[in-house]
Protein chains: 2
Amino acid sequence: MGIYILPMPRAATTSDPFNAVAEPRRRQILDYLALQERSVGEIASSLSLEQPSISKHLKVLHHVGLVRVRRHGRHMLYQTNAEAIRPLHEWTKTFERLWAHQLIRVKERAEQKAAALEES
Amino acid sequence: MGIYILPMPRAATTSDPFNAVAEPRRRQILDYLALQERSVGEIASSLSLEQPSISKHLKVLHHVGLVRVRRHGRHMLYQTNAEAIRPLHEWTKTFERLWAHQLIRVKERAEQKAAALEES
DNA sequence: TTGACATATTCCCATATGGGAATATATATT
DNA sequence: AATATATATTCCCATATGGGAATATGTCAA
């Protein structure tokens with residue numbers, strides 16, 4: 001182990017939040033765990049998935065810091081760590097101005113078209 | 001005959017923007033093409049990657065609508081379609097309130113700790 | 001037409017993956 | 001102690017993948 005960044009056909013799901021979040025099930029889990037902590041069993045039954053699958057997804061999410069865990073008796077209580085989603089938010093935010101501009105241009109073109117129709 | 005559910009080991013990179021954007025190179029490309037359209041050759045030399053690799057990444061990005069293309073002579077000019085990033089932004093945004101709350105709690109706990117130290 | 005340039009496609013291959021099934025580990029209860 | 005419950009791990013396997021190299025397609029210029 002150490003710093004190894006190379007011949008990977010596709011970056012590991014555990015390599016960063018972007019990869020971890022690419023899987024729809026894992027986004028579901030994060031949504032579900034956003035407001036309150038839940039046990040693995042609760043997650044499994046709520047999302048209609050087998051417990052081993054949930055455990056594996058949680059392992060990935062925990063590896064990149066997207067969830068916190070604490071033990072409560074036999075149960076492991078997981079909860080979304082929203083802070084880890086922030087980098088994704090920041091990255092997407094850098095494009096916010098752009099889609100606003102693009103929408104304005106679409107609107108302007110539509111208005112020009114409407115004006116042209118009036119004249120004819 | 002019946003319904004066969006094909007085993008998908010991992011969703012295709014072309015399945016949605018979340019998967020397309022998981023690849024760091026593709027995020028680089030989107031950053032680079034955010035403000036102005038660029039030819040494949042320009043992208044390749046700017047990001048220090050082989051042209052075939054760039055073309056393949058662009059194919060994925062185009063498939064999910066993250067870039068637009070237009071032909072200009074022999075050149076293909078690509079540009080980021082910011083609108084397609086919006087769903088990612090919206091999803092991450094749903095967690096915005098939460099990390100604000102969590103930061104407040106972290107701050108409060110730190111202050112309590114400091115107060116306890118003062119007393120002792 | 002021929003040649004030069006720009007981009008796209010194909011072939012190769014080692015690797016991570018997600019789900020299912022079976023099993024292992026950990027904790028609580030009696 | 002033994003047993004039940006909760007979670008984690010392991011094994012299996014078909015599949016998509018990213019880069020490199022080679023090649024194909026497309027477009028302009030002379």
Side-chain angles (χ1 to χ4, degrees), chain A residues 1 4-16 18-30 32-33 37-64 67-79, chain B residues 3-16 18-30 32-33 37-64 67-79:
Chain A
M1 356 267 267
Y4 51 98
I5 306 176
L6 261 171
M8 202 99 70
R10 192 171 170 186
T13 58
T14 52
S15 60
D16 58 66
F18 283 93
N19 277 279
V21 144
E23 168 67 26
R25 295 293 197 182
R26 285 195 284 265
R27 291 201 300 280
Q28 267 189 277
I29 292 174
L30 291 174
Y32 183 65
L33 298 178
E37 56 186 5
R38 301 282 196 176
S39 71
V40 177
E42 286 176 308
I43 305 170
S45 70
S46 292
L47 303 190
S48 299
L49 243 157
E50 299 295 325
Q51 171 266 315
S53 287
I54 296 294
S55 283
K56 279 181 274 187
H57 282 312
L58 288 170
K59 189 179 183 181
V60 172
L61 292 171
H62 188 248
H63 193 278
V64 297
V67 294
R68 303 182 187 286
V69 213
R70 85 183 165 95
R71 177 176 282 287
H72 181 66
R74 293 182 266 207
H75 298 260
M76 295 296 271
L77 300 180
Y78 286 86
Q79 183 166 18
Chain B
I3 309 230
Y4 288 87
I5 297 173
L6 303 178
M8 191 76 84
R10 193 171 171 185
T13 57
T14 53
S15 60
D16 59 64
F18 283 93
N19 278 279
V21 145
E23 169 66 28
R25 295 292 197 183
R26 286 195 284 268
R27 290 202 301 280
Q28 267 190 277
I29 293 174
L30 291 174
Y32 183 65
L33 298 177
E37 54 186 7
R38 300 283 195 177
S39 71
V40 177
E42 286 176 309
I43 304 170
S45 69
S46 291
L47 303 192
S48 302
L49 223 95
E50 299 295 326
Q51 171 267 315
S53 287
I54 295 294
S55 283
K56 279 181 275 188
H57 282 312
L58 288 170
K59 189 179 182 180
V60 172
L61 292 172
H62 188 249
H63 194 278
V64 297
V67 293
R68 303 181 187 287
V69 214
R70 82 183 167 96
R71 176 176 284 285
H72 182 66
R74 293 181 266 206
H75 298 261
M76 296 295 273
L77 300 180
Y78 285 86
Q79 183 166 17

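Order of the sequence lines sets the chain letters (A, B, ...), proteins ahead of strands, with each chain counted from 1.
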Q. Hey, does the side chain of Arg71(A) reach the backbone of Met76(A) with a donor-acceptor pair shorter than 3.5 angstrom?
A. no
Short question: side chain of Ser46(B), backbone of Glu42(B) - any donor-acceptor pair under 3.5 Å?
-> yes
Value for CZ (Arg10(B)) from OG1 (Thr13(A)), rounded to nearest 0.5 Å, stands at 6.0 Å
Send over the distance from [X] [atom1] to [N] [atom2], rounded to a whole Å.
X        : N       : atom1 : atom2 : value
Asn19(A) : dT17(C) : CG    : P     : 9 Å
Met76(B) : dT27(D) : CE    : P     : 9 Å
Arg26(A) : dA16(C) : CZ    : C1'   : 11 Å
Leu61(A) : dA8(D)  : CG    : P     : 12 Å
Glu50(A) : dT23(C) : CD    : P     : 16 Å
Leu77(B) : dA6(C)  : CG    : C1'   : 11 Å
His63(A) : dG18(C) : NE2   : P     : 14 Å
Leu49(A) : dA21(C) : CG    : C1'   : 15 Å

Exercise. Counting only side-chain N and O atoms of Tyr78(B), is one of them less than 4.0 Å from OP1 or OP2 of dA6(C)?
Worked result: no
Out of dG18(D), dG19(D), dG19(C), minimum distance to the side chain of Arg10(A) belongs to dG18(D)
Of dT15(D), dG19(C), dT17(D), the nucleotide closest to the side chain of Pro9(B) is dT15(D)
Expected string for nucleotides 24-30 of chain C under the B/S/- scheme (protein heavy atoms, under 4.0 Å, primed atoms plus P, OP1, OP2 as sugar-phosphate) is --SBS--
For Ser55(B), the side chain to side chain contact (heavy atoms under 4.5 Å, CB included) test, sequence neighbours excluded, returns Val40(B), Gln51(B)
Q. Below 4.0 angstrom, N of the basic side chain to O of the carboxylate: do Arg70(A) and Glu37(A) qualify?
A. yes
*State, yes or no, whether a side-chain contact exists between Asp16(B) and Val64(B) at a heavy-atom distance under 4.5 Å.*
no
- Item | Side chains of Leu58(B) and Leu33(B) in contact at under 4.5 Å (non-hydrogen atoms) | yes
(Q) With no hydrogens and no angle check, just 3.5 Å: does a side-chain donor-acceptor pair link Arg26(A) and Asn19(A)? (A) no
Contact check, residues 51-59 of chain A vs DNA chain D, heavy-atom distance under 4.0 Å, returns Gln51(A), Pro52(A), Ser55(A), Lys56(A), Lys59(A)
Are Arg38(A) and Tyr78(A) in a cation-pi setup, meaning NZ or CZ lies under 6.0 angstrom from the ring centre and within 45 degrees of the ring axis? no
